[in-house]
2 protein chains.
Amino acid sequence: PGKKVLIVYAHQEPKSFNGSLLKIAVEELTKQGCSVTVSDLYAMQFEPRATRNDIVGHLHNSKEFNYGMETWEAYKRGDLSQDLVEEQKKVQEADLLIFQFPLFWFSMPAILKGWMDRVLVQGFAYDLSKSYDCGLLQNKLSLFSFTTGGTKEMYSNGGIGGDIRYVLWPMQHGIMHFCGVKVLEPHICYAPEHVSEEKRKEMLTAWTQRLKTLWKEEPINCSPEWYFK
Amino acid sequence: PGKKVLIVYAHQEPKSFNGSLLKIAVEELTKQGCSVTVSDLYAMQFEPRATRNDIVGHLHNSKEFNYGMETWEAYKRGDLSQDLVEEQKKVQEADLLIFQFPLFWFSMPAILKGWMDRVLVQGFAYDLSKSYDCGLLQNKLSLFSFTTGGTKEMYSNGGIGGDIRYVLWPMQHGIMHFCGVKVLEPHICYAPEHVSEEKRKEMLTAWTQRLKTLWKEEPINCSPEWYFK
């Protein structure tokens, strides 16, 4: 109640299963009295490429372009491009970040990876020696909610795709934990395209149910043990 | 000698350390008599977003856009957008794929992830029950060559970033192995921005040396044991 939530959403089609999961989250969290903001990346035609265009005006070193260095300097000067400033403002205000997307190639779709690459710049999300438990985005929670093409069996220990937690390491630990953001259990809907309509409905209901008690959840212990045992 | 190599390169600056690694690979492999093609993604302004624009003409199901389904159908009809057709032709002809990039957030930069998302479509790179050892891109080799921000100590077992092999799982196993492509040992240059000029030169020399005997290397055993012991 009164909590702020940013949902970063990466699917092209509102009628998709991901679209339904988004809709449920917006409705349920709003009903709880949360203030919900959605960054609908495809609808925004969000730019995933990390280029010189992200810096307004002059470069710190125009002879040799270094994206990390330039965005860090631009952040300090207040010279990041407007689309990044807006996303950073949303992140800054949020108590909870939900990422809603279909798993593409054991990872995020490029448009969402581009959001991570461009929004979470040095100075804003982390800094020299301010990373992991000392990251700059502390007192925030994150939750990765995604669909897969493969079944749960494929993504189990001993399955051909390996334990699903292996693919969570770069996203949860390498990005969120690095920035100091705590991580809630991921929410995974396996192979919604290959199950019955009834099973799909059950998956949607399960998401609604989880959201009802989300604020009572404890973050995971985001260390190698959680991922690799 | 006579081998074909495709280098997919994702750095904005030719004068960067990644640019030097690219230059070395082009020169050394050409000297060996290989035919080398470079996809310079930033220079090409390669599109990372997976959208309806990737399909020329009508959609299979225009009521509900499903990117995987539509690109699969478009591939079969010969209706993928021209930039994808060109990249697929380069992949098809290559004996070896080298990916050269700076590690961004425990993964590839979004522009390179977009290359994977858009180029390796169903029907071309894999198909129903044609994945992993039966993937459609067999008899090809791949090599991930990248630089990191963090040091080797950070990316060791027990280090805060975990074993570097953890971040290789989605890229090498989830993408290349899934498509039937064999994987050579990765080539990792740790923290080139934070070492001496002399150390940087040593790293460049080591890359040249490795390339001299590259064709004698055996692929890794791309199974969970290699990554997680």
Side-chain angles (χ1 to χ4, degrees), chain A residues 10-16 19 41-42 45-52 63-69 102-118 120 122 131-132 149-150 157-158 160-163 166-167 169-171 173-175 177-178 193 223-224 227-229, chain B residues 10-16 19 41-42 45-52 63-69 102-118 120 131-132 149-150 157-163 166-167 169-171 173-175 177-178 193 223-224 227-229:
Chain A
H11 201 289
Q12 306 92 343
E13 173 60 60
K15 290 180 210 151
S16 65
L41 300 183
Y42 286 102
Q45 299 187 47
F46 188 81
E47 173 61 71
R49 289 165 289 206
T51 72
R52 192 254 174 267
K63 293 201 186 115
E64 192 179 323
F65 182 73
N66 179 320
Y67 186 80
M69 171 64 73
L103 197 70
F104 272 22
W105 291 117
F106 281 47
S107 181
M108 292 169 272
I111 199 167
L112 179 54
K113 181 56 168 48
W115 187 93
M116 305 286 181
D117 291 351
R118 297 178 61 233
L120 304 176
Q122 183 164 354
S131 59
Y132 293 108
N157 219 314
I160 183 77
D163 195 311
Y166 299 165
V167 311
W169 172 257
M171 303 189 270
H173 180 77
I175 307 178
H177 188 188
F178 188 88
E193 289 186 30
S223 69
Y227 299 88
F228 312 112
K229 269 131 215 165
Chain B
H11 201 288
Q12 307 91 343
E13 173 58 60
K15 289 181 210 150
S16 65
L41 300 183
Y42 286 103
Q45 299 186 46
F46 188 80
E47 171 62 71
R49 291 165 287 207
T51 71
R52 191 259 175 265
K63 291 198 189 119
E64 192 179 322
F65 182 72
N66 178 321
Y67 185 79
M69 171 63 75
L103 198 69
F104 273 22
W105 291 117
F106 282 47
S107 181
M108 294 168 272
I111 199 169
L112 179 54
K113 182 56 167 48
W115 187 94
M116 305 286 181
D117 290 352
R118 297 178 61 235
L120 304 176
S131 60
Y132 292 108
N157 219 314
I160 183 78
D163 196 310
Y166 299 165
V167 310
W169 172 258
M171 303 190 268
H173 180 77
I175 307 179
H177 189 188
F178 187 88
E193 289 185 30
S223 68
Y227 299 86
F228 312 110
K229 272 130 215 165

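Every chain is numbered from 1 and lettered A, B, ... according to where its sequence line falls, protein lines coming before strand lines.
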Per-residue contact mode, [X] against chain A (heavy atom under 4.5 angstrom):
X	answer
B:M108	backbone
B:E193	side chain
B:N66	side chain
B:L112	neither

Of all residues at least two apart in sequence or in a different chain, which pass the ring pair (Phe, Tyr, Trp, His ring centres under 6.0 Å) check with A:H177?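 For A:H177, the residues satisfying ring pair (Phe, Tyr, Trp, His ring centres under 6.0 Å) (neighbours in sequence not counted) are A:Y132, A:H173.
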Test of understanding: with ring pair (Phe, Tyr, Trp, His ring centres under 6.0 Å), list the residues that count as partners of B:Y42, not counting sequence neighbours.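 Partners of B:Y42 under the ring pair (Phe, Tyr, Trp, His ring centres under 6.0 Å) test: none.
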Once the angle between the rings of A:F104 and B:Y67 is folded into 0 to 90°, is it parallel (under 30°), tilted (30 to 60°) or perpendicular (over 60°)?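 Plane angle under 30°, so parallel.
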Rounded distance [0.5 Å steps], CE in A:M116 versus CH2 in B:W105: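 Atom-to-atom, A:M116:CE and B:W105:CH2 are 9.0 Å apart.
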Nearest 0.5 Å, what's the OH-OH distance between B:Y227 and A:Y166?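 Reported value, rounded in 0.5 Å steps: 12.0 Å.
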Top contributor to chain A contacts, counting heavy-atom pairs under 4.5 Å, from B:E64, B:E47, B:M171: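 Top count of heavy-atom pairs under 4.5 Å with chain A: B:E64.
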B:R49 versus A:F46, closest heavy-atom pair with distance: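 Nearest heavy atoms, B:R49 then A:F46: NH1-O, 3.1 Å.
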Proximal component of A:Q45, with respect to chain B [non-hydrogen, under 4.5 Å]: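 Both parts, heavy atoms under 4.5 Å.
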Against chain B, label A:L120 side chain, backbone, both or neither, depending on which of its atoms sit under 4.5 Å from a heavy atom there.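 The answer is both parts of A:L120.
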